[in-house]
Visitor: 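Dumping the structure here so I can ask a few things about it.
Residue numbers run from 1 in the order of the sequence given. Being a predicted model, the structure only gives us computed values, none of them experimental.
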Amino acid sequence: MGKGRWGLVAVLVAGVVAGCADGGGDARPSLSTASPNGPTGTATGKAVTLAVVGVVATGVEVPWGLAFLPDSSALVTERDSGRIKRVTGSGQVSEVGTVEGVDPSSEGGLLGIAVDPGYPKRPYIYVYYSSGDDNRIARLTYSNGGISEPTVILEGIPQAAIHNGGRLRFGPDGFLYAGTGDGADRPNSQSDDSLGGKILRITTDGKPAPGNPGGRLWISKGHRNVQGLAFGGSQLYAAEFGQDTWDELNAITPGSNYGWPAAEGVSNLDGMVDPIAQWPTKDASPSGIAFAQGHIFMASLRGERLWAIPVADGKRTGDPVAFFTGKYGRLRTVEAARDGSLWLTTSNTDGRGDAKPGDDRILRVTVTQ
């Protein structure tokens with residue numbers, strides 16, 4: 001595909017102010033204020049180029065989670081229908097089944113998905129979904145192009161029409177991580193007895209993973225609504241929605257408190273960890289994130305852009321830069337494919353976007369430096 005058609009975007013991370021990169025023309029120095037634990041305004045001196053080189057699939061209804069299989073195809077969840085679809089790199093889309101018990105709402109439904117690291121010897125996939133009473137994590141057998149009935153491994157995660165979290169990610173340690181929301185009840189985030197507003201670390205049977213602080217199911221608290229999880233090596237990063245002022249990218253340290261509801265964005269409060277980057281909510285509303293080539297890539301819903309944030313060892317090493325601002329509408333999920341590209345999903349059919357013919361779609365994005 002020609003560069004003009006697919007909107008090739010190339011910018012230098014070094015010396016670029018994110019407010020200029022997204023076409024607004026106004027430099028916003030506070031756009032990516034770092035915590036005292038990370039650098040402020042340093043640059044990598046490397047060029048990063050992102051290009052949308054094709055559309056993998058069209059007509060997917062409110063795609064939310066996306067997880068790759070060993071054959072480089074992906075399983076994609078549809079939030080409202082409760083369906084799981086398989087999408088190949090050549091664009092073939094097939095339905096593998098519907099998850100029973102899904103009760104969709106404004107932000108709830110069938111959300112995150114993860115493939116067992118032992119697949120296909122362990123032919124399991126894991127999903128995070130909203131029931132009528134709570135949010136749950138379930139294990140399903142995936143074989144011969146179909147899925148089994150879900151076996152719930154963890155229930156009791158606070159559920160509401162909003163703030164359900166929902167992202168799943170296996171860590172390099174082999175355990176399953178889940179981002180949850182406060183379930184629209186702020187005290188959940190600070191309560192040690194609630195699974196709301198936490199990052200969970202569990203076994204594939206839904207038990208606390210060995211080494212969790214206090215033997216609990218969670219490793220961090222004080223989150224408002226975590227919809228993005230990604231590992232850069234052994235370092236976990238998490239993206240979460242702020243309320244009215246700041247959205248956040250956090251570097252996660254087990255046992256730490258990330259501040260909500262006392263803190264939103266960099267607040268310098270004793271005993272609470274500040275984000276390594278923050279954005280006005282109109283520029284982000286972050287959902288899925290992925291790590292590749294020294295960057296966290298962050299899909300933004302209200303912001304309608306893909307952010308590239310250079311990071312290393314839990315610190316931000318340069319200024320975030322925005323790509324594709326307003327070109328494809330709301331962006332929900334980004335995942336690193338086996339061939340080095342990114343798969344990026346739109347979310348324009350979720351009731352909050354401006355759906356165009358072909359939406360929702362999965363885009364293929366190349367990343368070069």
Visitor: Mind running side chain to side chain donor-acceptor pair (under 3.5 Å) on N225 and H163 for me, showing each step along the way?
Guide: CA-CA 5 Å; N225 190 16; H163 301 188; 5.1 Å; no

Visitor: Has the side chain of E248 got a donor or acceptor atom that lies under 3.5 Å from a matching backbone atom of G265?
Guide: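 It does hold such a pair.
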
Visitor: Between F170 and Y126, is the ring centre distance below 6.0 Å?
Guide: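 Here the rings of Y126 and F170 have centres that are less than 6.0 Å from each other.
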
Visitor: I would like to know whether I309 and T317 meet side chain to side chain contact (heavy atoms under 4.5 Å, CB included); could you show each step before the answer?
Guide: CA-CA 8 Å; I309 308 106; T317 60; over 6 Å; no

Visitor: Between K85 and E95, does any NZ, NE, NH1 or NH2 come within less than 4.0 Å of an OD or OE carboxylate oxygen?
Guide: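 No, E95 and K85 are not salt-bridged.
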
Visitor: So do the side chains of V367 and F297 get within less than 4.5 Å of each other, counting heavy atoms only?
Guide: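 SC-SC contact between V367 and F297 confirmed.
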
Visitor: Within the 4.5 Å heavy-atom criterion, are V365 and V53 side-chain neighbours or not?
Guide: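 Not touching, per the 4.5 Å side-chain cut-off.
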
Visitor: Taking D274 for the side chain and V266 for the main chain, is one N or O donor matched with an acceptor at less than 3.5 Å?
Guide: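 Judged by distance alone, no pair lies under 3.5 Å.
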
Visitor: Taking a hydrophobic cluster as the set of Ile, Leu, Val, Met, Phe, Trp and Tyr residues connected by side-chain heavy atoms closer than 4.5 Å, whether directly or through intermediates, do V334 and Y328 fall within one such cluster?
Guide: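 The answer is yes; both residues are in one hydrophobic cluster.
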
Visitor: Hey, could you give me the CZ/CG distance between R139 and L154, rounded to the nearest 0.5 Å?
Guide: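 With rounding to 0.5 Å, CZ (R139) is 12.0 Å from CG (L154).
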
Visitor: Indicate the atoms forming the closest heavy-atom contact of A74 with L66, along with that distance.
Guide: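 Residues A74 and L66, closest heavy atoms: CB-CD2, 3.8 Å.
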
Visitor: Run the numbers on S73 and D71 for side chain to side chain donor-acceptor pair (under 3.5 Å), then give the verdict.
Guide: CA-CA 6 Å; S73 66; D71 65 1; 2.6 Å; yes

Visitor: Spell out, yes or no, whether V152 and V99 are grouped together once hydrophobic residues are joined by side-chain heavy atoms under 4.5 Å, including indirect joins.
Guide: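 Same cluster: V152 reaches V99 through Ile, Leu, Val, Met, Phe, Trp or Tyr contacts under 4.5 Å.
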
Visitor: Could you tell me whether the side chain of T180 reaches within less than 4.5 Å of the side chain of L200, counting heavy atoms only?
Guide: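 They are in contact (side-chain heavy atoms under 4.5 Å apart), so the answer is yes.
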
Visitor: Determine, step by step, whether W307 and F323 satisfy the ring pair (Phe, Tyr, Trp, His ring centres under 6.0 Å) criterion, reporting the C-alpha distance in whole Å, the side-chain angles of both residues, the deciding distance to 0.1 Å, and the verdict.
Guide: CA-CA 6 Å; W307 286 100; F323 294 86; 9.0 Å; no

Visitor: Under a 3.5 Å distance rule, please check whether N188 uses its side chain to pair with a backbone N or O of G197 as donor and acceptor.
Guide: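 No.
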
Visitor: Given side chain to side chain donor-acceptor pair (under 3.5 Å), test N164 with Q227 step by step and report yes or no.
Guide: CA-CA 8 Å; N164 292 295; Q227 289 191 8; over 6 Å; no

Visitor: Looking only at heavy atoms, which two atoms of F291 and A230 are closest? And how far apart?
Guide: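 Closest heavy-atom pair between F291 and A230: N-CB, 4.0 Å.
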
Visitor: If you count the non-hydrogen atoms of other residues, nucleotides and ligands that lie under 6.0 Å from CD in Q293, is the total more than 12?
Guide: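 Yes, CD of Q293 has more than 12 neighbouring heavy atoms, counting only those of other groups under 6.0 Å.
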
Visitor: Between T203 and K207, is there a donor-acceptor pair closer than 3.5 Å when you use the side chain of the first and the backbone of the second?
Guide: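 Side chain of T203 to backbone of K207: a pair is present.
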
Visitor: Which heavy atom in G196 sits nearest to a heavy atom in K198, and how many Å separate them?
Guide: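 Between these two residues, the closest heavy atoms are O-NZ, 2.8 Å.
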
Visitor: Could you tell me whether a side-chain N or O of S130 sits under 3.5 Å from a main-chain N or O of G108, the two making a donor and an acceptor?
Guide: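 Looks like no, no N/O pair under 3.5 Å.
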
Visitor: If you round to the nearest 0.5 Å, how far is CZ of F68 from CG of D339?
Guide: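 With rounding to 0.5 Å, CG (D339) is 7.5 Å from CZ (F68).
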
Visitor: To the nearest 0.5 Å, tell me how far Y177 OH sits from I219 CD1.
Guide: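 CD1 of I219 is found 5.0 Å from OH of Y177.
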
Visitor: Check whether any side-chain heavy atom of R305 sits under 4.5 Å from a side-chain heavy atom of F324, and report yes or no.
Guide: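 No. Closest side-chain heavy atoms not under 4.5 Å.
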
Visitor: Is the closest basic N to carboxylate O distance between D116 and K121 below 4.0 Å?
Guide: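 K121 and D116: not salt-bridged.
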
Visitor: With a 4.5 Å cut-off on side-chain heavy atoms, are R122 and P117 touching?
Guide: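 Answer no - side chains too far apart.
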
Visitor: Please round to the nearest 0.5 Å and tell me the distance separating atom CG of L342 and atom NE2 of H295.
Guide: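 It is 11.5 Å, given to the nearest 0.5 Å.
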
Visitor: Side chains of R352 and L301, heavy atoms from C-beta outward: is any pair under 4.5 Å?
Guide: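 No, their side chains stay 4.5 Å or more apart.
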
Visitor: Would you say the side chain of Y124 lies within less than 4.5 Å of the side chain of T141, judging by non-hydrogen atoms?
Guide: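 The answer is yes; the side chains approach within 4.5 Å.
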
Visitor: Let me see the working for E304 and R330 under salt bridge (charged side-chain N to carboxylate O under 4.0 Å, His left out), right down to the final yes or no.
Guide: CA-CA 5 Å; E304 298 188 353; R330 291 162 59 83; over 6 Å; no

Visitor: T349 side chain to V62 main-chain N or O, any donor-acceptor pair under 3.5 Å?
Guide: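 The answer is yes, because a donor-acceptor pair under 3.5 Å joins these two groups.
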
Visitor: Does the pair T151 and L140 meet the rule for a side chain to side chain contact (heavy atoms under 4.5 Å, CB included), with working shown?
Guide: CA-CA 6 Å; T151 297; L140 303 88; over 6 Å; no

Visitor: Is R361 paired with D359 through a side-chain N to carboxylate O contact shorter than 4.0 Å?
Guide: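 Counted as a salt bridge, because a side-chain N and a carboxylate O are separated by less than 4.0 Å.
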
Visitor: Just checking, R224 and F241: is the charged tip under 6.0 Å from the six-membered ring centre and within 45° of the axis?
Guide: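 Judged by the rule (NZ or CZ under 6.0 Å from the ring centre, within 45° of its axis), R224 is not positioned above F241.
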
Visitor: Ion pair present between D173 and R201, side-chain N to carboxylate O less than 4.0 angstrom?
Guide: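 Salt bridge flag = yes for R201 with D173.
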
Visitor: Mind running side chain to side chain contact (heavy atoms under 4.5 Å, CB included) on N250 and L236 for me, showing each step along the way?
Guide: CA-CA 9 Å; N250 287 292; L236 177 61; over 6 Å; no

Visitor: With no hydrogens and no angle check, is any side-chain donor or acceptor of S194 less than 3.5 Å from a backbone partner on S191?
Guide: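 Judged by distance alone, no pair lies under 3.5 Å.
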
Visitor: Evaluate T333 against R167 for side chain to side chain donor-acceptor pair (under 3.5 Å), listing each step before the verdict.
Guide: CA-CA 10 Å; T333 292; R167 195 66 59 180; 3.1 Å; yes

Visitor: Using salt bridge (charged side-chain N to carboxylate O under 4.0 Å, His left out) as the criterion, list what pairs up with K356, not counting sequence neighbours.
Guide: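 For K356 the salt bridge (charged side-chain N to carboxylate O under 4.0 Å, His left out) partners, ignoring immediate neighbours, are D354.
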
Visitor: Answer yes or no: are there more than 12 heavy-atom neighbours, outside D192 itself, under 6.0 Å from its atom CG?
Guide: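 For D192, atom CG is crowded (more than 12 foreign heavy atoms under 6.0 Å).
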
Visitor: Side chains of R332 and W64: closer than 4.5 Å at any heavy-atom pair?
Guide: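 Yes, at least one pair of side-chain atoms sits under 4.5 Å.
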
Visitor: Quick check against the 3.5 Å criterion: does Q235 have a side-chain atom that pairs as donor or acceptor with the backbone of I252?
Guide: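 Here the side-chain-to-backbone pair exists.
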
Visitor: Determine whether a donor-acceptor pair (N or O, by modelled atom type, separation under 3.5 Å) exists between the side chain of T77 and the backbone of L111.
Guide: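 The answer is yes, because a donor-acceptor pair under 3.5 Å joins these two groups.
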
Visitor: To the nearest 0.5 Å, what is the distance between OG (S300) and CG (L306)?
Guide: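 Answer rounded to 0.5 Å: 7.5 Å.
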
Visitor: Please lay out, stage by stage, how L229 and Y237 fare under the test side chain to side chain contact (heavy atoms under 4.5 Å, CB included).
Guide: CA-CA 6 Å; L229 296 174; Y237 298 90; over 6 Å; no

Visitor: CG of L75 to CG of L69: how many Å apart, nearest 0.5 Å?
Guide: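 L75 CG to L69 CG: 4.0 Å, rounded to 0.5 Å.
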
Visitor: Answer yes or no: are there more than 12 heavy-atom neighbours, outside Q92 itself, under 6.0 Å from its atom CD?
Guide: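 No, CD of Q92 has 12 or fewer neighbouring heavy atoms, counting only those of other groups under 6.0 Å.
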
Visitor: Hey, are R169 and E335 close enough for a salt bridge, meaning a charged N less than 4.0 Å from a carboxylate O?
Guide: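 A salt bridge links R169 with E335.
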
Visitor: Ignoring hydrogens and geometry, is there a side-chain-to-backbone donor-acceptor pair from E240 to H223 under 3.5 Å?
Guide: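 Such a contact is absent between E240 side chain and H223 backbone.
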
Visitor: Does the pair D247/R302 count as a salt bridge with the N-to-O cut at 4.0 Å?
Guide: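 Judged by the 4.0 Å cut-off on N to carboxylate O distance, D247 and R302 do not form a salt bridge.
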
